[in-house]
Protein chains: 2
Amino acid sequence: MARERKISLNELFAQTKQLLLEHGYEGFTFGLLAERLGVARSAIYKYFENKEELITTYMVNEMEEVFIKLEHIHVYPTFDEQFRFLLDFILYHNDLHEMISIGKRIPENHPKVQENKQRLAQFHKRMYEELEHLIKRGKQEGKIKPHLPNQVILGYIFQSVSVPHFPGISLAEWVESIREIIMYGVMNRN
Amino acid sequence: MARERKISLNELFAQTKQLLLEHGYEGFTFGLLAERLGVARSAIYKYFENKEELITTYMVNEMEEVFIKLEHIHVYPTFDEQFRFLLDFILYHNDLHEMISIGKRIPENHPKVQENKQRLAQFHKRMYEELEHLIKRGKQEGKIKPHLPNQVILGYIFQSVSVPHFPGISLAEWVESIREIIMYGVMNRN
DNA sequence: ATTTAAAGTGACAAGTTTGTCACTTTTGTT
DNA sequence: AACAAAAGTGACAAACTTGTCACTTTAAAT
């Protein structure tokens, strides 16, 4: 009954991500996106009413994938393994953080956008609870300093993804250094 | 010879900062700025040719002030005091980092913009050298772990300003927690 | 009081982005 | 072969942003 699609949703989401990282939320336009997809601008309106709806839909999509991957944390039984998994996870998903901060800019024009933003908030909450649970376990097992507020620890770990990494240092060395700093800090023990 | 100014440069820079943090680089317009200043849009063109020039000029200005404050690090003789000063400094200037990343987006349309960006880059470099010197000193005095790359340590410290701080935790507690994490990490010693 | 020049205004043209709509293309179903 | 319906196109009007320019306002200098 229908004609074959020229626009693949996957491709659309991929280019959306690209453009958001390059131009930021306010610099993102349907014109740019259409050009990248090799399609008329008006075609995109067949799928999304406006850029807010498109971007939030993309984000929900991305969040779902990320969340599924994060759930793999439960294949590891011990705290130490889970903590290591978590750090790797966060460090190798370093655009996630940028996307979250872009998400906060989006105004809630339409009901659909509002719904998407709610779903995003839920994901964020579940993710946060998941991680807080790990922090609590670490404290119970006497591995994490009990006096540091959970929120600060989590915020701190999340923020680490944005530490720039320069050429001249390999990705692996970078990850290992960041891990050590998070766990034991930059100072020598004396 | 001249009429009294309606636009104060200080006010203009303050509103520029506000708007940049709210709307991002691409969402910043002369129209918005003029509205906030209670002035005709065209008046701003008497001072700046376009938004790139305005924004980079503001940034150079801000950078100069910040740099002067940072120089106060030299009133402290010991490494420990300087390191503490540095962390306080960075943590209490937490929008600095956001502004720097906005700065990177700005295209170099005009020669003046190019010049401003060069000056910004110089400030950045001097600041970086200043801090790297401190890190090196820390390593020489056996206080900082020698195997961590300087760049990663610096990037890490700079990044810390962006750790969100939630209501429910006082600013002082937040600063103290971040300081401890940077220095000694989140893990207990065993 | 007159002049001068910086400060600010309002209107215009050019360019971009947005949303919509009638129209064409394509493909599976009858 | 005819049709139904989803997919895509191009053109249009409305809105906004940008840069410019002739013009007015204001305050200090002569």
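To find a chain, count down the sequence lines: A is the first, B the second, and so on, and within it residues start at 1. Everything numeric in this text was worked out from a predicted model, so none of it was measured.
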Side chain B:R41 and base C:dG10 donor-acceptor under 3.5 Å:
no

Is the distance from OP1 or OP2 of D:dA7 to the nearest side-chain N or O of A:Y45 less than 4.0 Å?
no

Taking B:R137 first and then B:E141, would you say they form a salt bridge - that is, a charged N and a carboxylate O separated by under 4.0 Å?
yes

Please classify the nucleic acid contact of A:F48 as base, sugar-phosphate, or nothing, using heavy-atom distances under 4.0 Å.
nothing

Taking the minimum atom-to-atom distance to the side chain of B:T29, which one of D:dA27, C:dT17, D:dT17 wins?
D:dT17

Polar side-chain contact A:R3-D:dA7 base: donor and acceptor under 3.5 Å:
yes

D:dG8 base / A:K46 side chain donor-acceptor hit below 3.5 Å:
yes

Is any side-chain N or O of B:Y47 closer than 4.0 Å to OP1 or OP2 of C:dG8?
yes

Candidates B:I157, B:L96, B:L70 - the one meeting side-chain contact (heavy atoms from CB on, under 4.5 Å) with B:I90
B:I157

Closest to the A:S42 side chain, choosing from D:dG19, C:dT20, C:dT18:
C:dT20

Find which nucleotide of DNA chain D each of B:E4 and B:L32 is nearest to by heavy atoms, and output the residue with the more 5' nucleotide.
B:L32

For B:R5 and D:dA28, what is the distance between atoms CZ and C1' respectively, to the nearest whole Å?
15 Å

Taking B:K125 first and then B:E129, would you say they form a salt bridge - that is, a charged N and a carboxylate O separated by under 4.0 Å?
yes

Between B:Q159 and A:S160 (side chain of the first, backbone of the second, donor and acceptor by atom type, cut-off under 3.5 Å), is there such a pair?
no

